[in-house]
Amino acid sequence: MANDQNDATVTEVAVIGAASAVIVTSDCVGAIDGTHIRASVPLDLQGRLRGRKGWTSQNVLAAITFDLKFVYVLAGWEGSAHDSRILNDAISRPRGLQVPEGKYYLADFGYGIRSGFIPPYRGVRYHLKEYSNHEPENEKDLFNHRHSSLRSIVERGFGVLKKRFRMLGGEPYLKYELQVDVVLACCILHNHIVGVDPNDRIMRRVNRRFQPRQRNPQRTQRQKREENREWTRKRKAIADAMWYQYTNG
């Protein structure tokens, strides 16, 4: 199993051919997280692969873009390994996880804040369901709400991958090295399928789970007037931009 970046069972792949991420913010290029894939190993190694859920697994780190493509995957780490340790391995490899200059990935609490990776604030509500009946109250609250909403692409990406390739959820009977390779192969095939049909049946099914609940809060007259003023400003900005392009084209 993997104890350092030179261990042969840990395998990475910088997935080639992933389309550009949908621009959500100018500097955010996607999100990272880990998922546990069931693993089968000899009895004497099972303790190292046994994760917090009690079964043996490999802890797979992935970077996913907003169009649900895997741009980097590091597979093979034992299920007991901490997420931050796996990320340290990924970014220290010669051809490891690369973050473009000035850009960043959204990350979970466990990875900590570091160059190119931004987690949510601790001690502030985070999960989307916590905001269902309460609007954000301050800048950290708002940041965590937006962070949680965007980082859901990781859960969606892994969800689609596991529904598409059911063998990832079953008990494997291959050598461990091949189990690692199967994960990487599935990620590459997933990218190809998304490129051919980005809204196939599996994608639609998983995406429905993440559709935000529509709310219709009662607005005051003051809020309605401010909203109208905002749309007036928006119309003026569009008209000004069109006129500038027309007169300077």
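None of the values given here were measured: they were computed from a predicted structure.
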State which residues pass side-chain hydrogen bond (donor to acceptor under 3.5 Å, both in side chains) with S80; sequence neighbours excluded, sorted by chain then number.
none

N144 side chain vs P120 backbone, donor-acceptor pair below 3.5 Å:
no

On a heavy-atom basis, which atom in G157 and which in F70 lie closest, and how many Å separate them?
O-CZ, 3.8 Å

Please identify each residue that fulfils side-chain contact (heavy atoms from CB on, under 4.5 Å) with T35, with sequence neighbours left out.
I37, V60, F158, K162

Can you name the residues that form a salt bridge (Lys or Arg N to Asp or Glu O under 4.0 Å) with D33, not counting sequence neighbours?
R151

By side-chain hydrogen bond (donor to acceptor under 3.5 Å, both in side chains), H192 pairs with (sequence neighbours left out) none

Check salt bridge (Lys or Arg N to Asp or Glu O under 4.0 Å) between D200 and all other residues, then give those that pass, not counting sequence neighbours.
R164

Starting from the C-alpha separation in whole Å, work towards a yes-or-no answer on side chain to side chain contact (heavy atoms under 4.5 Å, CB included) for H190 and F165.
CA-CA 9 Å; H190 164 86; F165 303 103; 4.2 Å; yes

Partners meeting side-chain contact (heavy atoms from CB on, under 4.5 Å) with L178 (sequence neighbours left out)
L174, D181

For C28 and L106, the nearest pair of non-hydrogen atoms, with its separation, is SG-CG, 3.7 Å

Please walk me through it: do R201 and R204 pass side chain to side chain contact (heavy atoms under 4.5 Å, CB included)?
CA-CA 5 Å; R201 179 175 54 84; R204 291 196 302 270; 3.9 Å; yes

Student check: side-chain heavy atoms of V29 and Y104 closer than 4.5 Å:
no

Taking only Lys NZ, Arg NE, NH1 and NH2, and the carboxylate oxygens of Asp or Glu, determine whether R85 and D89 approach each other closer than 4.0 Å.
no

Minimum heavy-atom separation for A39 and T56, please, with both atom names.
O-OG1, 2.6 Å

Among I64, L68, L161, find the one that has a side-chain contact (heavy atoms from CB on, under 4.5 Å) with R156.
L68

Among residues at least two apart in sequence or on other chains, which ones pass side-chain hydrogen bond (donor to acceptor under 3.5 Å, both in side chains) with E230?
R233

P172 meets the side-chain contact (heavy atoms from CB on, under 4.5 Å) criterion, sequence neighbours left out, with R38, S40, Q179

Using every non-hydrogen atom in the two residues, find where N59 and G34 come nearest and quote the distance to one decimal.
OD1-CA, 4.0 Å

Count I, L, V, M, F, W, Y as connected when their side-chain heavy atoms are under 4.5 Å apart, and connections chain through other members. Are I113 and L87 then in the same cluster?
no

With side chain to side chain contact (heavy atoms under 4.5 Å, CB included) as the criterion, how do D141 and F143 come out once you've worked through the C-alpha distance, each side chain's angles and the decisive distance to 0.1 Å?
CA-CA 5 Å; D141 220 13; F143 178 87; over 6 Å; no

By the definition side-chain contact (heavy atoms from CB on, under 4.5 Å), identify the one residue from I202, I193, V194 that meets it with V160.
I202

Let me confirm one number: the CG-CG distance from L61 to N88, rounded to the nearest 0.5 Å.
10.5 Å

Residues in ring-ring contact (aromatic ring centres under 6.0 Å, His included) with F117, at least two apart?
none

Taking only residues two or more places apart in sequence, or in another chain, which ones meet H36 in a ring-ring contact (aromatic ring centres under 6.0 Å, His included)?
none

Any E226 side-chain heavy atom under 4.5 Å of R229 side chain
yes

Quick one: do W55 and V41 end up in the same hydrophobic cluster if we chain Ile, Leu, Val, Met, Phe, Trp and Tyr together by side-chain heavy atoms under 4.5 Å apart?
no

Identified side-chain contact (heavy atoms from CB on, under 4.5 Å) counterpart of Y105 within the set V154, T65, I118, L97:
L97

Counting only N and O atoms by type, is there a donor-acceptor contact under 3.5 Å from the side chain of S149 to the main-chain atoms of H145?
no

Hey, does C186 have a side-chain heavy atom less than 4.5 Å from the side chain of L168?
yes

Measure across Y176 and W77 and return the closest heavy-atom pair with its distance rounded to 0.1 Å.
OH-O, 3.9 Å

For residues G30 and F66, report the shortest heavy-atom separation together with the two atoms involved.
N-CE1, 3.5 Å

